[in-house]
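Labels below follow one simple rule: chain letters A, B, ... track the order of the sequence lines, proteins then strands, and each chain is numbered from 1. Both backbone and side-chain heavy atoms feed into the values below; hydrogens, waters and symmetry mates do not.
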Amino acid sequence: MVLHLHNTGSGRREAFRPIDPAQVRMYVCGPTVYDHPHIGNARPAVVFDVLYRLLKTLYPKVTYVRNFTDVDDKINARAREEGVPIAELTRRMTQIYLDDMSQLNVLRPDVEPRATAHVAEMIALIERLIGNGHAYAADGHVLFHVPSWADYGRFARRSTDELMAGARVEVAPYKRDAMDFVLWKPSDAKTPGWDSPWGRGRPGWHIECSAMAKQYLGATFDIHGGGQDLIFPHHQNEVAQSVCAHDGAPLANYWVHNGFVIVEGEKMSKSLGNFFTMHDLLAEFPGEAIRLALLQTHYRQPLDFTKEGLRQAKRILDRWYRLVGDDLRTDDVPSEVQAALEDDLNTPKAISEMHKIADARHLEGIVNHGSPLGGYMLGRMSKQDLVKPMTSPGRRLRAAANSIGLLTLRESQWFGREQSDSLVLTDSVAIEVFRWVEDPRNIEKRINERNEARRAQNFKLADEIRDELATYGIVLEDGPKGTTWRRAG
RNA sequence: GGCGCGGUGGGAGAGUGGCUAUCCAGCAGCCUGCAAAGCUGUGGACGCCGGUUCGAAUCCGGCCCGCGCCUCCA
């Protein structure tokens, strides 16, 4: 099995062939840091994180670049509203984004360039485009001249005629052609700006990605990713700028775009107000549950987001954690899981394979003490599993889940049985109770008292103790091996 | 209007021309002081109409519906 990806550039599923197998290079459009990230921002971060992890298993070196857009008119507007300096707003939102993504087990890319640190490169790129006749300065602006490039529109599968027909904004007088788009625009005294050959100004939206991709990955690299809504105009314009600036060299060989998160059939977006911020969701659900919910839908499909979906994801992880326990060791990634991922990142299929592995985990003890034959006979295992030396299914499950960034904790961590060291309490009324509950020793002591009561057939007292703990969010489970507990949530 | 995506059982969600997807929920049992967890079994689907085929949810044609992009947006 070779990695296959659906390439937006061709509209087809293609075998992935890197330019240089010794170093795979990927660029993903990152967030504009002006607000808290929402679940729709998290989706590409998680999707391309899975791709990044997968590429790392296949190639010795992967260079993953994801930018921060920290110069943008939305940022300017927000900073004005809040009355804070722009740099402070972008610094704060960048940190929040990184913190939220980290809770989703999103690995840090190798390079996370900020647009404002690359203005010189953008200016150089713009000068090149002016020099070779693809851009022109007018009235303090610099514009890319769309008719100068015959292939414009091909990437997004739009003819320039259609684009003309669809143009309904009034055309700025300094534009030579209605489709021309801004590379550089003037800034007034109150707006962030940089000195340039065209006066003090700031970059247009698309040029930063062209400049940063070139700097860190070269004129042509392997994979360019982002959300579907970026195909036009953002990526089309990136392609135009980069190709024209680099003597016709293609920008990226494979374009990968994730689908939207939708709520009740409609696209989740700030303008509709139907979005969930990561901040709110993470207060209610573990990051891994959110990550699993995002990966249960194939990345190119629209993802219908609901809290019920999150609750289901949480339950799945509860069960899996019960199976893998506190043993963090893993095996090789099971072949069926790896194959699903290599098939255009089919994470829902990979997850269904994990369910099958989880089933086999039970059979290990139940059917015939670890012989894989029983599992095979019951149809729970593939023939491939049968010929492989049988190792612990718990480790196989952990390996499988780890490959997409799940099941990274110990069971006792997941269920909150370990002492929390990060708890900061300020409410003086509740603080005693919280302190008591936070210490697992107190809970275990109470469980022992309950079990004594149970032995004495005093079920009334036993149930009282269980109810008492339940009010603190502690769930007890009497199993064959004794009583275990976990924190609900 | 142009371009693109999608319509699968109560819900979520994969997929191959013929072989149980998977998970949740449901139902019937087992286990259990009770509960939870776990285990076993089980019903239920492929938007509509044609066509190709021995056989199509899967291929082709038409239709209906939903969504997205074309303007800042992951």
Side-chain angles (χ1 to χ4, degrees), chain A residues 8 11 28-32 34-35 37-48 69 72-74 77 153 156-159 161-169 205 225-234 236 257-262 265-272 275 292-293 295-306 308-316 318-319 322-323 340 343 346-356 358-359 362-363 365-366 378-380 453-455 457-460 462-463 466-467 470 475-481 483-486 488:
Chain A
T8 310
V28 172
C29 290
T32 301
Y34 72 106
D35 203 353
H38 58 77
I39 186 77
N41 301 112
R43 190 177 191 192
V46 168
V47 163
F48 291 104
T69 299
D72 181 277
D73 288 350
K74 287 192 296 291
R157 268 180 261 289
R158 286 183 166 89
S159 76
D161 290 348
E162 287 163 14
L163 292 169
M164 288 296 284
R168 48 190 147 111
V169 234
W205 175 32
Q228 257 168 13
D229 53 346
L230 296 180
I231 295 172
F232 191 89
H234 183 54
Q236 174 64 76
H257 290 98
N258 65 273
F260 289 114
V261 176
I262 60 176
E266 283 198 305
K267 176 181 171 181
M268 178 182 319
S269 71
K270 301 231 165 135
S271 48
L272 292 172
F275 62 94
L292 175 58
L295 294 176
Q296 276 183 296
T297 300
H298 184 86
Y299 76 91
R300 280 191 292 110
Q301 294 287 98
L303 186 154
D304 197 352
F305 181 83
T306 62
E308 179 52 31
L310 249 32
R311 279 186 281 273
Q312 283 196 15
K314 165 78 163 55
R315 273 198 293 267
I316 289 169
D318 283 347
R319 187 167 71 250
R322 284 191 189 99
L323 298 178
D343 182 10
N346 194 339
T347 52
K349 182 75 159 58
I351 289 164
S352 80
E353 296 298 342
M354 290 174 208
H355 284 299
K356 291 180 189 170
D359 256 1
H362 289 290
L363 291 165
I366 291 159
L378 288 179
R380 303 290 171 162
R454 289 173 72 211
R455 267 193 293 279
Q457 303 275 303
N458 185 352
F459 296 121
K460 184 161 176 292
D463 288 347
R466 184 167 62 196
D467 292 346
V475 178
L476 302 190
E477 293 170 359
D478 300 322
K481 289 180 214 154
T483 303
T484 60
W485 64 277
R486 63 188 166 90

Out of A14(B), A74(B), C34(B), minimum distance to the side chain of D478(A) belongs to C34(B)
Please pick, from A37(B), A12(B), A35(B), the nucleotide with the shortest atom-to-atom distance to any side-chain atom of R322(A).
A37(B)
Calculate the interatomic distance between R300(A) atom CZ and G4(B) atom C1'; express it in whole Å.
12 Å
Closest to the I316(A) side chain, choosing from C23(B), A74(B), A12(B)
C23(B)
Quick one: which of G33(B), C23(B), G13(B) gets closest to the side chain of P348(A)?
G13(B)
Assign E477(A) to base, sugar-phosphate, or nothing according to its heavy-atom contacts below 4.0 angstrom with the strands shown.
base
Within the structure, does a side-chain N or O atom of R319(A) lie under 4.0 Å from either OP1 or OP2 of C24(B)?
yes
Separation of the P atoms in G7(B) and G13(B), to the nearest angstrom
10 Å
What are the two closest non-hydrogen atoms of K349(A) and A340(A), and how far apart are they?
CG-CB, 3.8 Å
In Watson-Crick or G-U wobble terms, both distances under 3.5 Å, what is the partner of G26(B)?
U42(B)
Per atom distances to the F260(A) side chain, the nearest of G38(B), C34(B), A74(B) is A74(B)
Closest listed nucleotide, where the reference is the side chain of Q312(A) and the choices are G15(B), A12(B), C24(B)
C24(B)
Of all the nucleotides listed (G4(B), A36(B), A14(B)), which has the minimum atom distance to the side chain of T297(A)?
A14(B)
Given A36(B), G33(B), A21(B), which nucleotide is nearest the side-chain atoms of S352(A)?
A21(B)
Of the candidate nucleotides G33(B), C24(B), C34(B), which contains the atom at the shortest distance from the side chain of F459(A)?
G33(B)
